[in-house]
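For reference, the structure is listed below as structure tokens.
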Amino acid sequence: MRYRLMIFDWDGTLMDSASRIVSSMQAAALEAEWGPLSDEAVRDIIGLGLPEAIATLCPGIDPVRAERLRDRYAFHFVEGDTTSMQFFPGVEEGLASLHAITNQRLAVATGKSRRGLDRIFQESGSGRWFHASRTADETLSKPHPRMLEELLAELEVPVNEAVMIGDTEYDLEMARALGMDRVAVTYGVHAPSRLAASRPVFTAESSADLFGWLHDIK
């Protein structure tokens, strides 16, 4: 088995959630009296932890306004925004099939909060597929490799037997910092040219491409 551990990003890799992230962040920025944020600017920070994303989007923001923005974003993403979020086609079947393979380990490394990831695990029933997960609020945000280091240690898998799959340069650079193989998906938020700079071992243009390749190289 080439990879005993497959580590997935969440937003933009497994779940088509970018539109809700963008609209929720834009509404929160207006309510925090920061001002309008462009779609492109918000899409660029998807994958970072929320404090890091706000600091990047709103340079120099004061702590009180930053906290207000965080609170309003959480409200809109969970309750106030009704923009649809679904798994990309074939993701649920692909994860279930990989999970069924003896000794195959699956994990999540995400910029979400622990509360947010656990909520979507419960709502979608997808938590049963993963043997471990790390979120940005319980370790260091991408692109720092700490969450990958912790997953490798928890699951007792050497770096050369693991692969990171993601749709942003933050995912891929996190893995490259450890010398871990990485797979780029181009149906998420960062452009293919940007992902290519991180030298992925494979680039998937669809979730079907991704899971087909993962099954072939198990």
Side-chain angles (χ1 to χ4, degrees), residues 7-81 83-86 88 108-117 119-120 133-148 164-177 182-198 200:
I7 306 171
F8 295 87
D9 168 58
W10 193 268
D11 296 304
T13 299
L14 298 179
M15 182 161 279
D16 187 3
S17 48
S19 294
R20 184 181 292 191
I21 293 172
V22 169
S23 56
S24 296
M25 186 65 76
Q26 289 172 329
L30 292 175
E31 291 175 9
E33 299 182 347
W34 175 262
L37 297 172
S38 69
D39 289 8
E40 181 181 4
V42 180
R43 287 175 66 86
D44 185 65
I45 54 80
I46 293 175
L48 297 177
L50 188 54
E52 292 78 12
I54 291 172
T56 301
L57 282 170
C58 309
I61 191 171
D62 63 87
V64 172
R65 188 170 294 178
E67 184 63 26
R68 168 73 172 166
L69 202 160
R70 289 178 65 173
D71 289 345
R72 297 313 297 164
Y73 172 78
F75 166 77
H76 284 289
F77 189 80
V78 176
E79 301 176 49
D81 196 307
T83 304
S84 175
M85 292 194 305
Q86 303 289 334
F88 288 105
V108 172
T110 177
K112 284 185 170 303
S113 67
R114 170 52 60 188
R115 182 180 178 185
L117 182 62
R119 181 176 58 251
I120 199 67
S133 59
R134 284 297 183 280
T135 61
D137 62 336
E138 61 190 6
T139 183
L140 297 180
S141 174
K142 305 170 186 178
H144 194 284
R146 177 71 58 80
M147 63 174 70
L148 295 184
M164 176 69 207
I165 301 112
D167 68 311
T168 72
E169 70 174 39
Y170 312 125
D171 302 313
L172 306 188
E173 287 302 297
M174 175 174 65
R176 185 156 77 158
R182 49 219 170 264
V183 170
V185 302
T186 62
Y187 53 80
V189 298
H190 282 180
S193 59
R194 190 169 176 182
L195 300 172
S198 297

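Shortest non-hydrogen contact noted between A136 and G111 is CB-O, 3.6 Å. Listed here is the closest heavy atom pair of M164 and L148: SD-CD2, 3.8 Å. Considering all non-hydrogen atoms of both residues, G166 and D171 come closest at CA-OD2, 3.4 Å. Smallest separation of non-hydrogen atoms from G12 and V185: O-CG2, 4.0 Å. Across all non-hydrogen atoms, the minimal contact from V189 to R43 is CA-NH2, 3.5 Å. The minimum heavy-atom distance linking L69 with A28 is given by the pair O-CB, 3.6 Å.
In this structure a side-chain-to-backbone donor-acceptor pair under 3.5 Å is present from D137 to R114. Between the side chain of T168 and the main chain of H190, no donor-acceptor pair closer than 3.5 Å is present.
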Practice item. Go through the steps to decide whether L57 and W34 satisfy the test side chain to side chain contact (heavy atoms under 4.5 Å, CB included), and finish with yes or no. Key: CA-CA 10 Å; L57 282 170; W34 175 262; over 6 Å; no
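Taking a 6.0 Å sphere around CZ of R115, one finds it holds 12 or fewer heavy atoms contributed by other residues, nucleotides or ligands.
The stretch residues 16-42 participates, sequence neighbours left out, in these salt bridge (Lys or Arg N to Asp or Glu O under 4.0 Å) pairs: E31-R72. Residue pairs meeting the ring-ring contact (aromatic ring centres under 6.0 Å, His included) criterion with at least one member in residues 50-80, sequence neighbours excluded, are Y73-F77.
Residues that satisfy the side chain to side chain contact (heavy atoms under 4.5 Å, CB included) test with R146, not counting sequence neighbours, are T139, L140, H144, E149, E150. Scored by the salt bridge (charged side-chain N to carboxylate O under 4.0 Å, His left out) test, E52 finds no partners at all (sequence neighbours excluded). Partners of S24 by side-chain hydrogen bond (donor to acceptor under 3.5 Å, both in side chains), not counting sequence neighbours: none found. Residues satisfying the salt bridge (charged side-chain N to carboxylate O under 4.0 Å, His left out) test with R176, not counting sequence neighbours, are E173.
Atom CE of residue M25 and atom CG of residue L37 lie 7.5 Å apart, to the nearest 0.5 angstrom. Separation of atoms NZ (K142) and CG (L48) is listed at 8.5 Å; rounding is to 0.5 Å. L172 CG to D9 CG: the interatomic distance, rounded to the nearest 0.5 Å, is 9.5 Å.
Using a cut-off of 4.0 Å between Lys/Arg side-chain N and Asp/Glu carboxylate O, K112 and D11 are scored as salt-bridged.
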